[in-house]
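As structure tokens, the structure follows; a few thoughts come after it.
Residue numbers start from 1 in every chain, and the chains themselves are labelled A, B, ... in the order their sequence lines are given, proteins ahead of strands. In this text the structure is predicted, and so the values were computed from the model without any measurement.
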Protein chains: 2
Amino acid sequence: MPYDPSTFPPFAVTVDLVVLTVRKDALCSLVVRRGEPPYQGRWALPGGFVRDDEGLEVAASRELAEETGLLHSQATEGHRGGAHLEQLATYGAPQRDPRMRVVSVAYLVLAPDLPSPVAGGDARSARWAPSDALLDASEGLGRDAEQQAPLAFDHGQILQDGVERARSKIEYSSLATAFCPPEFTVGELRRVYEAVWGVALDPRNFHRKVTGTPGFLMPTGGTTTRQGGRPAQLFRTGEATVLNPPMLRPEA
Amino acid sequence: MPYDPSTFPPFAVTVDLVVLTVRKDALCSLVVRRGEPPYQGRWALPGGFVRDDEGLEVAASRELAEETGLLHSQATEGHRGGAHLEQLATYGAPQRDPRMRVVSVAYLVLAPDLPSPVAGGDARSARWAPSDALLDASEGLGRDAEQQAPLAFDHGQILQDGVERARSKIEYSSLATAFCPPEFTVGELRRVYEAVWGVALDPRNFHRKVTGTPGFLMPTGGTTTRQGGRPAQLFRTGEATVLNPPMLRPEA
DNA sequence: TCAATAGTGTCTCTCAGACAATATGCG
DNA sequence: CGCATATTGTCTGAGAGACACTATTGA
């Protein structure tokens, strides 16, 4: 045993949040502007230090509330009545933060579109940005004008992993409803899938599929006309959490 | 901002390994006996402290080599020529280690059956144990006699998450071949699926499915008789990493 | 009236599961 | 030969994708 555990090296542990929502038919991420070095003035994912008596998910939940006012559901894994929160991955490259050795546990949050852009507490400056633009910038792929600067630290990678997790997870779970208000129509749910995947889906096959999956959607009885055209039935999220068979993403 | 980052609380960061293999048609996990308190004498997952200048995956890889002599592939995500290693999840409940605040990043390793039980270095005492027995013990579900003691710390939960990840991931990826030697037969691959899922699969449909998925299996030309009966073709793992359509686990 | 969206029905192709039949080693 | 395993083939039902058609609102 060539290493003495009693002299373990001290680390700082943080949580970072990938908060996703669908606004104007586009997948958007919450980013905050950094007020101090390093990366001063750059956009970054919201997050902060884990306190010494605080669990990781509690810390993520606290940061979420501080930055957005959002509460996630109290249920162990569910998301009824609030945003969905789950652990994403942990990032701990030795030089990812130039100040000190920091290990960051990233969490993924799926939230419905929020009324105010951001009503956060200690967020100096925060906004919803289209995820595509942020990812292009972090890849160095941005177009000429209005070039988006890459996210601070390794947050571009974290965002990419979070977006990919969301894209993959709505295939085989009912999580897409976490992007919707408590009552929603089949068309609104379809636009969520289209925004997250960036593809067009056949409205007729989609309707047949989601209404035919037991426990996915529960009709509330009400109807509404939010997009013009024939009024649509309103639904709530059902009890099912896994979709079997899954909603398959179309091939490239 | 009611919290001063300059006084961040120090954490210890460890990696823990869920090392899975298939032995005698059963899914088995590598466990080591603890030589010191807390939980002295109990079985635990292998693992250790992350060093000061060391990345998380490097630390996991180092611990794997120290405990088993296994090397995982150098490729970023692949597993050709070695074990497969991927990050599983991070566990950081405030009291999970009574000595101090420890955040543990768990990694999942899928390895072929090893010749010697364990040829490890600093492993005082290590063995392969059937995952089912370990999980039953951690659930308090063990039968009367030869009761297996629960794993130390929260390692029962970590093992359960790792086993579930493996069960789920072989559905839609070619990772099941990581449990096989470099050359293997369709029957051997089928027994891997049966051991991991704990179900019986139809040999004929399984054969049609895996040989019909492009890029999953590459014939090497050789044949062998390892189980009696007609000789079987030998295959290597193909280039495909994702299985489309997936190998669906039968319902309960 | 038209435009737009919601919802139903029909056809075809792929694929999973059940299972018959044949191939080829070993004792 | 008898047994065990490998491999191929056939049938059937579930479900996805393409797309015609009807329903119901507002402009």
Original post:
Under the 3.5 Å rule, do the base of dG17(C) and the side chain of R208(B) count as making a donor-acceptor pair?
Top reply: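 Indeed, a donor on one side and an acceptor on the other fall under 3.5 Å apart.
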Original post:
If only atom types and distance count, is the side chain of Y193(A) paired as donor or acceptor with the main-chain N or O of I170(A) below 3.5 Å?
Top reply: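 Looks like yes, one N/O pair under 3.5 Å.
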**OP:** Map M247(A) and R204(B) onto DNA chain D by nearest heavy atom, then report which one ends up closer to the 5' terminus.
**Re:**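 Here R204(B) is the residue nearer the 5' end.
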**OP:** Select from N205(A) and G228(A) the residue whose nearest nucleotide in DNA chain D is closer to the 5' end of that strand.
**Re:**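 That would be N205(A).
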Separation of [N] [atom2] from [X] [atom1] (nearest whole Å):
{"X": "F184(B)", "N": "dA6(D)", "atom1": "CZ", "atom2": "C1'", "answer": "16 Å"}
{"X": "E171(A)", "N": "dG15(D)", "atom1": "CD", "atom2": "P", "answer": "17 Å"}
{"X": "R249(B)", "N": "dG17(C)", "atom1": "CZ", "atom2": "P", "answer": "13 Å"}
{"X": "R226(A)", "N": "dG26(D)", "atom1": "CZ", "atom2": "P", "answer": "15 Å"}
{"X": "N244(A)", "N": "dA16(C)", "atom1": "CG", "atom2": "C1'", "answer": "13 Å"}
{"X": "Y193(A)", "N": "dA16(D)", "atom1": "OH", "atom2": "P", "answer": "12 Å"}
{"X": "R230(B)", "N": "dA6(D)", "atom1": "CZ", "atom2": "P", "answer": "10 Å"}
{"X": "L217(B)", "N": "dA6(D)", "atom1": "CG", "atom2": "C1'", "answer": "14 Å"}

Under 4.0 Å between a side-chain N or O of [X] and OP1 or OP2 of [N]?
{"X": "R190(A)", "N": "dA6(C)", "value": "yes"}
{"X": "H207(B)", "N": "dT7(D)", "value": "yes"}
{"X": "K209(B)", "N": "dA16(C)", "value": "yes"}
{"X": "Q233(B)", "N": "dT7(D)", "value": "yes"}
{"X": "Q227(B)", "N": "dA4(D)", "value": "no"}

**OP:** Between dA16(C), dT25(D), dC19(C), spot the one nearest the side chain of D202(B), thanks.
**Re:**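 Selected nucleotide (nearest to the side chain): dC19(C).
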Subject >> Nearest to side-chain heavy atoms of V186(A), which nucleotide of dA6(C), dG7(C), dT7(D) >> reply: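 Ranking dA6(C), dG7(C), dT7(D) by closest atom to the V186(A) side chain puts dG7(C) first.
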Original post:
Is the shortest distance from a Lys or Arg side-chain nitrogen in R236(A) or E183(A) to a carboxylate oxygen in the other one below 4.0 Å?
Top reply: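 E183(A) and R236(A): not salt-bridged.
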Original post:
Ion pair present between R249(A) and E164(A), side-chain N to carboxylate O less than 4.0 angstrom?
Top reply: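 Looking at E164(A) together with R249(A), the answer is yes, because their closest N to O distance falls below 4.0 Å.
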Original post:
Nearest nucleotide by nearest heavy atom, which residue falls closer to the 5' end of DNA chain C, G187(A) or L248(B)?
Top reply: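 Nearest-nucleotide comparison on DNA chain C picks G187(A).
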Subject >> Reported CD-to-CD distance for the pair Q87(B) and E57(B), which is rounded to 0.5 angstrom >> reply: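 Q87(B) atom CD to E57(B) atom CD measures 8.5 Å (nearest 0.5 Å).
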Subject >> Residue pair S131(B) / L159(B): nearest heavy atoms and the distance that separates them >> reply: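 What the structure gives for the nearest pair is O-CD2, 4.5 Å.
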